[in-house]
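Owing to the predicted nature of the structure, the values given are computational and were not obtained by experimental measurement.
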Amino acid sequence: MSHWNAIGPRDNGECRPLDLFVTAGQVSDYIGTRALLSSLPNVDWLLGDRGFDVNWFREALKDKVIRACTPGRKLRKVAVKYDKRRHKRRNRVEIRFGRVKDWRLVATRYDWCPKVFLSAIALAATVIYWL
């Protein structure tokens, strides 16, 4: 089963996916994020869950002058500070992913070919967010 990541900035109050990536199997979010890092847009904040808490990713965001609003992993020895009030708004991102998963082909993953699956995600995202 593949895992997919998407990035997209808030633009005029609307969050639209700009880039998609499919990873192999059950892997952590930051694996796919490495592939999407170069295409991150100019934004002030990046909201993420604990799956994005890795040191190299936090450093890469600092280099791009993006503030991470991601809680630290539970096994982290030194706690990471983050804006808890801003992080509560992450549910909006999850709702966006849920809208794409309303498409049966994406939710049930009928096709095991990664290219076809990524195409289905791109088609669903285009119809939902761009048309």
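Each of Val54 and Val80 belongs to its own hydrophobic cluster when Ile, Leu, Val, Met, Phe, Trp and Tyr are linked at side-chain heavy-atom distances under 4.5 angstrom. Using a 4.5 Å cut-off between side-chain heavy atoms of Ile, Leu, Val, Met, Phe, Trp and Tyr, with links allowed through other members, Leu46 and Trp56 fall into the same hydrophobic cluster.
For the residue pair Pro71 and Gly48, the shortest heavy atom distance occurs at CD-O, 3.5 Å.
Here Arg86 pairs with Trp45, Leu47, Cys69, Asp83, Arg89 under the side chain to side chain contact (heavy atoms under 4.5 Å, CB included) rule; sequence neighbours left out. Here Arg50 pairs with nothing under the side-chain hydrogen bond (donor to acceptor under 3.5 Å, both in side chains) rule; sequence neighbours left out.
Taken to the nearest 0.5 Å, the CG atom of Leu118 stands 11.5 Å off from the CG atom of Leu123.
Pairs of residues two or more places apart, or lying in two chains, that qualify as ring-ring contact (aromatic ring centres under 6.0 Å, His included) and include a residue from residues 68-89 are Tyr82-His87.
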Check: residues 57-65 side-chain donor-acceptor pairs under 3.5 Å, at least two apart:
{"unit_1": "Arg58", "atom_1": "NE", "unit_2": "Asp53", "atom_2": "OD1", "d": "2.9"}
{"unit_1": "Arg58", "atom_1": "NH2", "unit_2": "Asp53", "atom_2": "OD1", "d": "3.1"}
{"unit_1": "Arg58", "atom_1": "NH2", "unit_2": "Thr70", "atom_2": "O", "d": "2.7"}

